[in-house]
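In what follows, a structure is listed as structure tokens, so that the remarks can point back to it.
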Amino acid sequence: MLKIKDLHARIDGKDILKGLSLEISAGEVHAIMGPNGAGKSTLAQVLAGREGYEIVSGSVEFCGRDLLALAPEERAREGVFLAFQYPVEIPGVNNVYLLKAALNAIRKHRGEDELDAYAFMKIIREKMQLMQMDASFLNRGVNEGFSGGEKKRNEILQMAVLEPKLALLDETDSGLDIDAMKVVADGVNSLRSPERAIIMVTHYQRLLDHIVPDVVHVLADGRIVKSGDRSLALELEAHGYEWLQQAVGT
Amino acid sequence: MATNEHELEHLVSRKYKHGFYTEIDSDTVPPGLNEDVIRFISAKKEEPEWLTEWRLKAYRHWLTMPVPQWAHVHYPPIDFQAISYYSAPKRPEDAPQSLDEVDPKLLETYDKLGIPLHERARLAGVAVDAVFDSVSVTTTFKEKLAEAGVIFGSFSEAVREHPELVRRYLGSVVPARDNFYAALNSAVFTDGSFVYIPKGVRCPMELSTYFRINAANTGQFERTLIVADEGSHVSYLEGCTAPMRDENQLHAAVVELVALKDAEIKYSTVQNWYPGDEEGRGGIYNFVTKRGDCRGANSKISWTQVETGSAITWKYPSCILRGENSVGEFYSVAVANNLQQADTGTKMIHIGRNTRSTIISKGISAGRAQNAYRGLVRVLPTAEGARNFTQCDSLLIGDRCGAHTFPYIEARNPSAQIEHEATTSKIGEDQLFYCLQRGLSEEDAVNMIVNGFCKEVFRELPMEFAVEAQALLNVSLEGAVG
Ligand SMILES: Nc1ncnc2c1ncn2[C@@H]1O[C@H](COP(=O)(O)OP(=O)(O)O)[C@@H](O)[C@H]1O
Ligand SMILES: [Mg+2]
């Protein structure tokens with residue numbers, strides 16, 4: 001589904017991604033781990049199409065298309081979803097309003113009819129229940145005054161409603177207490193499906209206890225330096241990134 | 001200043017060359033202003049002697065006044081002798097006879113605003129009776145109001161039918177000498193609305209200029225007077241939400257509100273006069289004096305405005321809080337796009353004890369526009385326990401526009417509590433990207449963020465107005481990004 005080949009990207013003249021390659025197929029869940037500042041968020045933002053990054057070289061293919069040639073909203077409508085590390089507040093805009101606008105934009109792109117209020121609310125209620133969110137969330141401003149945990153939950157709620165093909169979760173576990181993490185993990189797990197690929201960026205292996213990945217990658221200094229199965233995450237936790245850097249000789 | 005003085009001198013010394021009444025056709029006057037023109041207007045409207053005199057006094061005072069220079073706006077000097085001060089309302093046979101005869105671009109805008117078909121015709125100035133039976137609509141609603149004892153009609157009508165009320169209140173809030181444009185208006189005003197709500201009456205419906213049959217032909221110098229007698233209540237909606245292409249450059253209206261004891265007036269405006277094109281050509285100069293007088297104890301006046309149009313807006317709806325415990329409110333959204341300039345705000349003058357005021361101002365600037373908030377909170381020594389809360393937020397779209405805030409606070413009673421909050425933010429790239437990442441187009445994203453920013457004000461508008469205001473905001477910010 002997604003093929004990243006030798007991707008080099010920079011921001012403000014600073015090289016961040018330095019030859020990153022990665023492939024993920026539909027139905028898989030990959031975890032990307034790595035030290036602070038390695039370029040994990042940069043990768044997620046570049047894939048989602050944020051302005052300001054210069055793609056120096058390399059390519060990204062998504063479902064057979066050149067992803068980098070698409071505008072950010074086109075990528076979203078094609079099924080790329082980014083759960084942000086730091087979801088932004090949009091004062092005065094109802095959560096439910098944004099969700100409805102987003103869902104209808106995506107449905108329209110797929111040639112489907114816009115949902116009426118009734119059908120839409122039915123979907124929302126179901127997903128809110130899944131995320132154990134109170135109905136009062138809907139009429140609050142987007143992320144306005146939300147706690148860190150509430151923001152992350154809200155991201156997964158949006159993902160559940162928009163049903164993307166490729167979901168990028170950027171540190172969705174950070175700032176969550178153990179109960180909240182379980183809720184978020186259940187939400188993500190319920191979205192695992194043979195048609196969907198999920199990339200989870202995380203700092204800690206504890207999330208992987210709840211969402212078990214098929215592949216674990218280590219991203220360091222702008223590159224994937226090691227890939228493996230679940231056990232790689234455990235090893236990392238036991239020995240730290242220092243160990244890894246020695247092991248791969250970077 | 002030198003040029004203005006020169007102009008004025010020229011103006012004052014100018015002799016009217018031709019015999020006035022012989023030169024003109026009976027329904028229009030040629031450009032220019034002098035006492036004969038004023039007498040002509042007054043005569044056309046069959047006004048009583050006192051009103052003619054009132055106009056003339058205003059005119060004579062206006063001649064001595066310099067053009068105000070303090071607003072944060074720039075425009076070439078207006079040639080007041082180049083304006084025609086009276087033209088009779090269009091006769092039905094001169095108006096377009098159907099929508100087919102109306103500028104398609106205008107219709108396109110109505111379409112975007114979601115204005116109902118029959119209303120589009122009215123807004124576009126199509127002869128009314130060619131479209132729907134306006135008479136019956138008007139009569140049913142007039143009957144309902146009459147039952148309640150409410151007087152609502154054109155200003156000229158009120159001068160004829162209720163001269164005692166008009167005489168008592170006209171100029172009692174905005175004196176003829178108040179300021180340059182108010183003086184000009186007092187001299188030459190053509191028409192406007194008059195409302196009187198009797199004691200203890202709650203007006204049975206929202207009063208809107210929409211129902212007033214001659215609203216479409218109201219000239220550029222409108223005069224509106226609303227009097228709410230003791231314990232009464234009224235909500236008044238002004239303006240239409242569609243861009244009226246208007247050949248006139250200058251609009252100088254005066255609106256006076258009087259709230260007696262325990263009375264409440266809610267005045268909502270959606271203003272969308274022609275703003276000029278992207279290069280700043282054309283467009284309306286909107287120089288308006290709006291003021292409410294909370295004359296009685298426990299009275300309340302609330303201004304809500306959404307200003308998206310006009311090339312230049314210069315407007316400060318104000319409240320004089322004279323009665324004890326009276327309340328003044330000002331909720332405003334002012335949008336300036338392209339080369340529009342807006343200088344708006346309010347004045348809250350606290351005179352009575354325990355008077356309270358709230359100011360919520362949302363300024364949005366896009367393109368190369370300049371948007372200024374100017375607000376005065378004045379607490380007089382008599383206003384024991386006065387309180388004010390001001391919140392003044394500016395939103396910038398792009399980096400070539402500007403927002404300016406000029407708060408003036410004069411507290412002359414030590415017990416006054418005045419709070420002022422101000423923020424300026426750019427439409428965040430983060431916010432925009434967040435919305436794009438959810439699949440929204442850039443335009444929809446901007447509209448959504450801007451509407452969210454204005455929410456506190458929109459909430460104050462009557463329901464159907466709020467919907468139109470949002471649509472209007474979206475239309476006026478079209479192409480602001482990207
Ligand atoms: N706008 C920017 N200008 C310059 N450097 C940046 C910018 N944004 C991120 N960086 C740098 O890029 C590197 C990678 O950041 P990031 O992708 O956020 O790392 P991670 O998510 O792996 O912790 C960091 O060194 C960070 O300081
Ligand atoms: Mg990060």
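Chain letters run A, B, ... following the sequence lines, proteins first and then strands; every chain starts at 1.
- Remark: A:N143 CG to B:Q431 CD distance equals 10.5 Å, nearest 0.5 Å.
- With a 4.5 Å cut-off on non-hydrogen atoms, A:L82 touches chain B through its backbone and its side chain both.
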### Message
What verdict does the side chain to side chain contact (heavy atoms under 4.5 Å, CB included) test give for A:N94 and B:K455, after you've listed the backbone C-alpha separation in whole Å, the side-chain angles of each residue and the deciding distance to 0.1 Å?
### Response
CA-CA 10 Å; A:N94 281 352; B:K455 195 174 202 173; 2.9 Å; yes
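- Contact between B:Q437 and A:A76 at its shortest, heavy atoms only, is O-CB, 3.0 Å.
- The residue among A:E73, A:K108, A:Q45, A:R50 with the most heavy atom pairs within less than 4.5 Å of chain B is A:R50.
- For a residue to count as touching a neighbouring chain, one of its non-hydrogen atoms must lie under 4.5 Å from one of that chain's; by this rule A:I90 touches chain B with backbone and side chain alike.
- Counting non-hydrogen atoms of other residues, nucleotides and ligands closer than 6.0 Å to CZ of A:R140 gives a total above 12.
- No part of A:P164 comes within reach of chain B, as not one of its non-hydrogen atoms sits under 4.5 angstrom from that chain.
- Neither the backbone nor the side chain of A:N104 comes within less than 4.5 Å of any heavy atom of chain B.
- Other residues, nucleotides and ligands contribute only 12 or fewer heavy atoms inside 6.0 Å of the CD atom of B:E429.
- Counting non-hydrogen atoms of neighbouring residues, nucleotides and ligands closer than 6.0 angstrom, the CG atom of A:D66 exceeds 12 such neighbours.
- The residue among A:L162, A:V142, A:L98, A:V80 with the most heavy atom pairs within less than 4.5 Å of chain B is A:L98.
- Within a 6.0 Å radius of NZ in A:K127, more than 12 heavy atoms belonging to other residues, nucleotides or ligands are found.
- Closest non-hydrogen pair, A:A105 versus B:G439, comes out as CB-O, 3.3 Å.
- Interface residue B:Y434: backbone and side-chain heavy atoms are both found under 4.5 Å from chain A.
- Heavy-atom distances place the backbone of A:E89, and not its side chain, under 4.5 Å from chain B.
- Between B:F433 and A:F84, the ring planes are perpendicular. Angles over 60° get that label, and only those under 30° would be called parallel.
- Remark: A:L103 CG to B:R438 CZ distance equals 12.5 Å, nearest 0.5 Å.
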### Message
Working note: B:N451 + A:Y97, criterion side chain to side chain contact (heavy atoms under 4.5 Å, CB included); need CA distance, chi angles, decisive distance, verdict.
### Response
CA-CA 11 Å; B:N451 278 311; A:Y97 186 79; 5.9 Å; no
